[in-house]
Amino acid sequence: MDKKFNKALKKIAMPELEPDVRNKNFEEVSLGYTVEMAINEAERCLNCKHKPCVNGCPVNVRIPEFIEKIVSKEFEEAYSIIKTTNTLPAICGRVCPQETQCESKCVRGIKGEPVAIGRLERFVADYHLNNNSKKTEKPHSNGIKVAVVGAGPAGLSCAGDLAVLGYDVTVFEAFHSAGGVLVYGIPQFRLPKEIVEKEVSALKELGVKIETNMVIGKILSVDELFEQGFKACFIGSGAGLPRFMGIDGEGLVGVFSANEYLTRTNLMKAYNNKYDTPIMHSSAVAVVGGGNVAMDAARCAKRLGAEKVYVIYRRTFDEMPARKEEVHHAIDEGIIFKCLSNPVRILGDKDGRVKAVECIEMELGEQDSSGRRFPYEKKNSEFLIEVQSVIMAIGTSPNPLIRNTTMGIETNKKGCFVVDDYMQTTKDGVFAGGDAVTGAATVILAMGAGKKAAKGIDEYLQLKK
Ligand code: FAD
Ligand code: SF4
């Protein structure tokens, strides 16, 4: 029988909660494909010989192969194919910027929309999580202990790959919960925490031990881990140190870093009355920045009851680094965008609380080193926005704690660990990857780095035998 082919130029739309409903709760916005929708979308794939989409994926998921298995309704087989290269598919299917990766290379995108690779990956991963009851078999242990610092995507993928190779892996995580930014940063309405918990449980079934509330550099140092019998260590401590603008008024009550605001909201569940996590409920909030972090903070503020939420961004929509889908979701939910604007100071009332943010209009000049047009202030164009909270989402850098407490480990000017081609740092037996090496980046790049480091650690330990 000839293969059915779907000629539709557009992706099969994904059902979503209505904007006016979802902007008042923390339920997941995108609802996922049904079996029928997934098969219809999978039938848009041409199964191209040269597989350009695979080259667009940082971990080279075998895309046409897993899509073909969807067409033939072999969903578990599709899952097994994805899992050979991607440790966390239910997460990547939800948060990866596919539009600039695999989907940007898809041949169907030349005339029409590319195949919805991310949505199909999510469908397959969710199908597996909801229907598979088989326990993962624990690999035979080789008894060699490896420590992983940080339970974000870099640390978890490194731990998973090492466990499969038989290593005795312990992950040390500073927070009370594993997942890194996936649990403390990305909100429930974009990535339900249950999904992260399920992926973490699968790692535990492989034998990975996770010790939470363990701040390495305070409770134990990296050097002490080696004294305790660990033969190698991977550092995936991320880039959680927030930056501020250095303008007047940043010390006022009501000014937050996006990290603090999102951690209180997501990890510490400030949105849920059953938890007593304090958070400021303001009727007007300004979020400064144009990345995913800014979109998440703005959409959380809206859900926490703010009537007016402004995103203040110094360039235009075209340069905005946030995923397009997230920007559209934010617009639909009523977020007000003030592009070509930049804060110059934050004004407070007599009690030291934020009452307004003063901004200046910007205009774009020539391209700078980032490849984007540089924003310049327009003279005498200051204006005020009345708000009670300002959330800074202008970037983060790695926390210096591990560098300062580990002998012989080097970082660059940005505070990121220096690594070689095998992801080994300047300290023997200590490897690093993810945001701690690149600065703030993406989930899939962190995961890819964790996998590469697992390979490097295995080679290093094999040579030591
Ligand atoms: P992290 O996820 O930061 O994990 C590091 C872990 O190490 C944390 O759990 C931390 O508590 C722990 N740790 C730190 N120091 C220590 C210590 N001394 N001892 C023990 N543990 C320690 N990327 C996307 O691809 N798509 C998105 O949509 C997206 N949205 C984002 C939204 C937000 C709000 C944020 C903040 C980031 C977003 N990103 C997104 C970026 C992405 O989440 C990160 O690039 C990725 O999580 C980096 O992974 P990592 O494992 O290197 O670090
Ligand atoms: Fe399918 Fe697009 Fe990949 Fe071709 S490029 S195999 S159409 S997903």
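Excluded from the calculations below are hydrogen atoms, water molecules and symmetry mates; all remaining heavy atoms, backbone and side chain alike, are included. Both counts, for ligands and for their atoms, begin at 1 and track the order of listing.
- Every atom of ligand 2 is numbered from 1 in the order shown, and the set under 4.0 Å from a heavy atom of V107 is 2 (Fe), 5 (S).
- Contacts with ligand 2 closer than 4.0 Å are made by side-chain heavy atoms of P52 only, the backbone lying farther away.
- Relative to the ring axis of F230, K145 places its NZ or CZ within 45° and under 6.0 Å from the centre.
- Contact analysis puts D296 in contact with ligand 1, with a non-hydrogen atom separation below 4.0 angstrom.
- If you look at V149 next to ligand 1, the close heavy atoms, those under 4.0 Å, all belong to the side chain.
- From the protein, the heavy atom lying nearest to atom 4 (O) of ligand 1 is G152 CA, 3.4 Å.
- Counting backbone and side-chain atoms alike, C48 contributes no N/O/S atom closer than 2.8 Å to atom 1 (Fe) of ligand 2.
- Closest protein heavy atom to atom 7 (S) of ligand 2: L46 N, 3.3 Å.
- Ranking the protein heavy atoms by distance from atom 1 (Fe) of ligand 2 puts C45 SG, 2.4 Å first.
- Here CZ of R323 is found 8.5 Å from OG1 of T100. Values are rounded to the nearest 0.5 Å.
- A cation-pi arrangement is present between R303 and F189, with the terminal nitrogen or guanidinium carbon under 6.0 Å from the aromatic centre and inside a 45° cone about the axis.
- Within the 4.0 Å heavy-atom criterion, the part of L262 lying near ligand 1 is the side chain and not the backbone.
- Counting protein heavy atoms only, atom 5 (C) of ligand 1 is closest to G236 O, 3.3 Å.
- The shortest separation from a heavy atom of A440 to ligand 1 is not under 4.0 Å, leaving the residue out of contact.
- Checked by distance only, ligand 1 and N259 stay at 3.5 Å or farther apart across all their nitrogen or oxygen atoms.
- The shortest contact between atom 3 (Fe) of ligand 2 and any protein heavy atom is with C53 SG, 2.3 Å.
- The shortest contact between atom 10 (C) of ligand 1 and any protein heavy atom is with E173 OE2, 3.6 Å.
- In the vicinity of P64, heavy-atom distances shorter than 4.0 Å reach the ligand 2 atoms 6 (S).
- Taking a 4.0 Å cut-off on heavy atoms, P153 registers as neighbouring ligand 1.
- At the shortest separation from atom 22 (C) of ligand 1 among protein heavy atoms lies A174 CB, 3.7 Å.
- Looking only at protein heavy atoms, the nearest one to atom 52 (O) of ligand 1 is D435 N, 2.9 Å.
- Looking only at heavy atoms of the protein, atom 41 (C) of ligand 1 is closest to A441 O, 3.3 Å.
- The closest approach between R190 and ligand 1 falls below 4.0 Å for a heavy atom of the residue.
- Within 6.0 Å of the NZ atom in K308, the count of heavy atoms belonging to other residues, nucleotides or ligands does not exceed 12.
- The protein heavy-atom contact nearest to atom 27 (C) of ligand 1 is V95 O, 3.4 Å.
- Under 4.0 angstrom from ligand 1, there are no non-hydrogen atoms of L182.
- Here C106 meets the criterion, with an N, O or S atom under 2.8 Å of atom 2 (Fe) of ligand 2.
- Polar contact with ligand 1: absent for A436 (N/O pair, distance under 3.5 Å).
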